[in-house]
Student: 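Pasting in a structure now, in structure tokens, and then I'll have a few things to ask.
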Amino acid sequence: MKITQTREKIEKISVDAVVIPLFQGEKLPGEVGKFNKLVSGSLDEAIKLGDFKGKLYEVTSIYTHGKALSARVFLVGAGKKADFDGRAARNVIGAAVRRGIKLGIKKAAVYLSNRIKVEEAIEGATLANYDPGIHKTKKENGSALEELILIGKADNKEIKRASVIAEATNWVRNMVHEPGNIISPKELVEEAKRLSDTYKFDLEVIDEKEASKRGFGAFAGIAKGSDEPSFLVCLNYCGGGKDTLGLVGKGITFDTGGLSLKPGNKMLEMKADMAGAAVVFGVMKIIGELKPSINVVAVCPLTENMPSGKALKPGDVVTSFAGKTIEISNMDAEGRVVVADALTYAQKLGANRIIDTGTFTGAADIVLGSEAAAVMGRPQKWVDQLMEAGKIEGERLWQLPMYEEYKTVLRSDIADVANAYVGHPKAGTIAAAMFLQEFVGEGLPWIHFEIASTAWVDEERPYIAKGTTGFGVRTLVKLIEGI
Ligand code: BES
Ligand code: MN
Ligand code: ZN
């Protein structure tokens with residue numbers, strides 16, 4: 001989508017639809033008065049007659065009957081003024097774009113006024129413009145918007161930053177949508193190679209054999225159940241400064257549950273179980289483009305979780321890279337096992353603060369639905385920084401506690417820790433964090449960013465298609481920019 005900017009008056013712009021966001025109960029702003037007159041007062045009329053009420057994501061088409069250069073106006077509901085934030089701003093523009101796509105329009109202009117920021121308009125529009133039908137031979141979802149004109153003040157740097165972030169997020173969504181037979185660990189390694197070639201990141205690819213040899217026993221244990229080759233992949237960006245952020249992404253390209261096999265209906269969506277790694281790749285792509293002044297080391301364990309004659313069995317014990325022994329009490333709690341080794345490796349590579357992300361627990365979806373992701377970690381100041389980044393970026397994060405008492409879920413009779421507590425289906429999301437905490441050095445700032453609830457939306461929304469969301473990319477980038 002081409003994005004341009006103009007300071008022209010609305011009446012001078014020629015597009016398929018001019019988008020004007022308005023709050024509930026708001027009168028037409030003075031600046032559109034002239035345009036309203038030009039179209040015989042039809043904008044005012046729609047408001048007065050109640051055809052448009054300003055409810056959040058409401059879109060009312062108003063035709064200009066050849067009296068203006070543009071064919072129509074979308075009055076878009078911005079909801080209650082007091083509730084309006086960065087999330088609403090993006091989604092309001094998204095709602096207009098998705099209506100436009102359904103009508104087949106190609107060119108739209110957004111009236112920013114002083115309520116929609118440039119990055120909000122660009123991100124909302126680009127994410128809404130995404131078509132999840134990546135393997136359809138015929139387009140069913142209308143064709144995408146080709147040009148977006150921002151009416152208002154926008155500098156090129158702002159436009160570039162937002163476009164880079166939004167396009168990379170859609171790239172992440174594509175990867176997560178790809179099924180397990182198209183994206184296996186080796187395809188993700190190819191993506192990592194492309195990132196490293198394009199942006200000159202250092203790349204290290206550790207295959208399964210080498211992983212076993214070097215003592216990544218937790219990762220290798222899960223990997224050996226699968227016929228597809230598995231890899232631990234590391235990308236290293238040196239932007240300068242004394243801090244090195246470790247980013248760890250769970251990359252299970254398909255999670256069958258292993259020998260703790262998932263029931264069919266729960267297995268279907270498990271092609272998305274590499275969303276954590278995809279988000280980390282997306283963040284690295286953005287880092288490559290925007291070049292922030294920080295060092296980042298990304299570590300992603302990439303494997304399938306399969307049942308087979310070679311797979312770990314419930315009760316098996318593996319020795320992690322950190323040296324801690326893990327009793328595998330449930331083969332379906334595989335994410336925390338592979339990520340444990342990746343966390344240790346990120347620390348070995350010099351990370352002095354760490355965030356891990358991925359789709360770890362179905363319990364997150366039970367607690368929060370698709371409305372928020374779960375975060376846990378320490379110290380509180382570091383967690384607050386991520387929460388604040390989420391707020392600005394319009395991604396909702398919710399913190400869960402990590403009380404000492406939850407440690408009981410890790411008890412094993414024969415090993416240092418168990419990966420899941422059998423017969424204790426409580427506090428599932430926290431349990432994963434408690435487990436991972438065992439693999440983070442004392443005092444090291446660390447966040448477990450659980451995106452199982454938000455990586456995927458089950459139903460289409462006014463502002464986004466059904467399917468993957470790329471959730472987490474924007475928040476992590478904002479945090480990185482702010483460090
Ligand atoms: N990948 C799943 C978690 C998941 C479930 C993500 C549904 C998105 C939607 C993870 O590997 C898993 O299976 N977790 C188990 C943990 C349990 C065995 C302790 C779960 O959530 O049931
Ligand atoms: Mn699982
Ligand atoms: Zn999983």
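Keep in mind that the numbers below use all heavy atoms, side chains included, and drop hydrogens, waters and symmetry copies. Both ligands and their constituent atoms are indexed starting at 1 by order of listing.
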Student: Would you check the N or O atoms of Asp255, main chain and side chain alike, for any that come under 3.5 Å of an N or O of ligand 1?
Tutor: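 So ligand 1 has an N or O lying under 3.5 Å from an N or O of Asp255.
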
Student: Backbone or side chain, does Asp273 get an N/O/S atom under 2.8 Å to the Zn ion (ligand 3)?
Tutor: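 So Asp273 does bind the Zn ion (ligand 3) by this criterion.
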
Student: Could you identify the single nearest non-hydrogen protein atom to atom 9 (C) of ligand 1 and state the distance to 0.1 Å?
Tutor: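 The protein heavy atom lying closest is Met270 CE, 3.5 Å.
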
Student: Between Glu388 and Lys478 (salt bridge meaning N to carboxylate O under 4.0 Å), is one present in this structure?
Tutor: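 Salt bridge absent between Glu388 and Lys478.
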
Student: For the Zn ion (ligand 3), give me the closest N/O/S atom belonging to Asp255, just the atom name.
Tutor: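 Closest to the Zn ion (ligand 3) among those atoms: OD2.
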
Student: Quick test of your reading of the structure: of Ala364, Ala363, Ala333, whose heavy atom lies closest to atom 17 (C) of ligand 1?
Tutor: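 Selected option, by shortest heavy-atom distance: Ala333.
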
Student: So, applying side-chain contact (heavy atoms from CB on, under 4.5 Å) with Arg396, which one of Met387, Lys391, Glu371 is it?
Tutor: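 With Arg396 as partner, side-chain contact (heavy atoms from CB on, under 4.5 Å) holds for just one option, Glu371.
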
Student: Kindly indicate, with the supporting measurements, whether the criterion salt bridge (Lys or Arg N to Asp or Glu O under 4.0 Å) is fulfilled by Glu459 and Lys466.
Tutor: CA-CA 5 Å; Glu459 284 181 43; Lys466 176 180 167 177; over 6 Å; no

Student: Do Asn419 and Ser329 pair up side chain to side chain, a donor and an acceptor below 3.5 Å, judged on atom types alone?
Tutor: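 Indeed, the side chains of Asn419 and Ser329 share at least one donor-acceptor pair under 3.5 Å.
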
Student: Just by modelled atom types, is the Gly180 backbone N or O under 3.5 Å from a matching donor or acceptor in the Ser184 side chain?
Tutor: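 No, the answer is negative, given that no donor and acceptor are paired below the 3.5 Å cut-off.
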
Student: Can you sort out which atoms of ligand 1 are near Thr359, meaning under 4.0 Å from one of its heavy atoms?
Tutor: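 It comes down to these atoms of ligand 1: 1 (N), 2 (C), 3 (C), 6 (C).
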
Student: Can you check whether a protein heavy atom sits less than 4.0 angstrom from atom 11 (O) of ligand 1?
Tutor: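 Protein heavy atoms within 4.0 Å of atom 11 (O) of ligand 1 - there is at least one.
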
Student: Using a strict 4.0 Å cut-off to heavy atoms of Glu334, name the atoms of ligand 1 that fall inside it.
Tutor: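 Once the distances to Glu334 are compared, the set is 11 (O).
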
Student: Quick one: does any side-chain atom of Glu208 pair with a main-chain N or O of Ser230 as donor and acceptor, under 3.5 Å?
Tutor: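 Yes; at least one donor-acceptor contact below 3.5 Å.
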
Student: Which ligand 1 atoms, with their elements, are less than 4.0 angstrom from a heavy-atom of Asn330?
Tutor: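 Every atom of ligand 1 under 4.0 Å from some heavy atom of Asn330: 18 (C).
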
Student: Tell me whether the guanidinium CZ or amine NZ of Lys285 lies under 6.0 angstrom from the six-membered ring centre of Tyr199 and within 45° of its axis.
Tutor: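 Cation-pi check for Lys285 and Tyr199: fails.
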
Student: Backbone or side chain, does any N or O of Thr361 fall under 3.5 Å from an N or O of ligand 1?
Tutor: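 There is no such contact.
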
Student: How far does CE of Met175 sit from CG of Asn170, to the nearest 0.5 angstrom?
Tutor: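 Going from CE on Met175 over to CG on Asn170, the span is 11.5 Å.
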
Student: Mark up the atoms of ligand 1 that fall under 4.0 Å of a heavy atom belonging to Ala452, in ascending order.
Tutor: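 Those qualifying, in numeric order: 6 (C), 8 (C).
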
Student: Based purely on interatomic distance, does Lys250 place a nitrogen or oxygen under 3.5 Å from a nitrogen or oxygen of ligand 1?
Tutor: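 Yes, there is a polar N/O contact under 3.5 Å.
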
Student: Among all protein heavy atoms, pick out the one at the shortest distance from atom 19 (C) of ligand 1; state its residue, atom name and that distance to 0.1 Å.
Tutor: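 For atom 19 (C) of ligand 1, the nearest protein heavy atom comes out as Arg336 NH2, 3.8 Å.
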
Student: Give, rounded to 10 degrees, the angle between NZ (Lys250) and OE2 (Glu334) as seen from the Zn ion (ligand 3).
Tutor: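 Nearest ten degrees: 90°.
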
Student: For atom 3 (C) of ligand 1, find the nearest protein heavy atom and state the residue, atom name and distance (0.1 Å precision).
Tutor: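 Of every protein heavy atom, Phe360 O, 3.4 Å lies nearest to atom 3 (C) of ligand 1.
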
Student: Considering only non-hydrogen protein atoms, determine which one is nearest to atom 21 (O) of ligand 1 and report residue, atom name and distance to 0.1 Å.
Tutor: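 Atom 21 (O) of ligand 1 sits closest to the protein heavy atom Gly362 N, 2.7 Å.
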
Student: Could you check atom 1 (N) of ligand 1 against the protein and tell me its nearest heavy-atom contact, residue, atom and distance included?
Tutor: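 Looking at atom 1 (N) of ligand 1, the protein heavy atom closest to it is Asp273 OD1, 2.8 Å.
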
Student: What residue and heavy atom of the protein are closest to atom 15 (C) of ligand 1, and at what distance?
Tutor: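 Of the protein heavy atoms, Asp332 O, 3.9 Å lies nearest.
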
Student: Under a plain distance cut-off of 3.5 Å, with no hydrogens placed, do Thr475 and Glu395 share a side-chain donor-acceptor pair?
Tutor: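 Yes, because at least one side-chain N or O of Glu395 sits under 3.5 Å from a partner of the opposite role on Thr475.
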
Student: With ring centroids as reference points, do His448 and Phe435 lie under 6.0 angstrom apart?
Tutor: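 When the ring centroids of His448 and Phe435 are compared, they turn out to be at least 6.0 Å apart.
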
Student: Would you mind naming the N, O or S atom of Asp255 nearest to the Mn ion (ligand 2)?
Tutor: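 Restricting Asp255 to its N, O and S atoms, the minimum distance to the Mn ion (ligand 2) goes to OD2.
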
Student: Contact between Met331 and ligand 1, counting heavy atoms under 4.0 Å?
Tutor: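 Met331: no contact with ligand 1 (<4.0 Å).
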
Student: Output yes when a side-chain donor or acceptor of Thr429 lies under 3.5 Å from a complementary backbone atom of Ala364, and no otherwise.
Tutor: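 Yes, because the side chain of Thr429 sits within donor-acceptor range (under 3.5 Å) of the backbone of Ala364.
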
Student: Please determine, by modelled atom types, if Arg87 and Tyr463 share a side-chain donor-acceptor pair under 3.5 angstrom.
Tutor: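 A donor-acceptor contact under 3.5 Å links the two side chains.
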
Student: So, is Glu334 placed with an N/O/S atom under 2.8 Å from the Mn ion (ligand 2), counting both backbone and side chain?
Tutor: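 Yes, within the cut-off.
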
Student: Indicate whether any N or O donor in one side chain lies under 3.5 Å from an N or O acceptor in the other, for Arg214 and Tyr345.
Tutor: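 Yes, Tyr345 and Arg214 have a side-chain donor paired with an acceptor closer than 3.5 Å.
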
Student: Taking only non-hydrogen atoms of Glu269, do any sit less than 4.0 angstrom from ligand 1?
Tutor: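 A heavy atom of Glu269 does come that close to ligand 1.
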
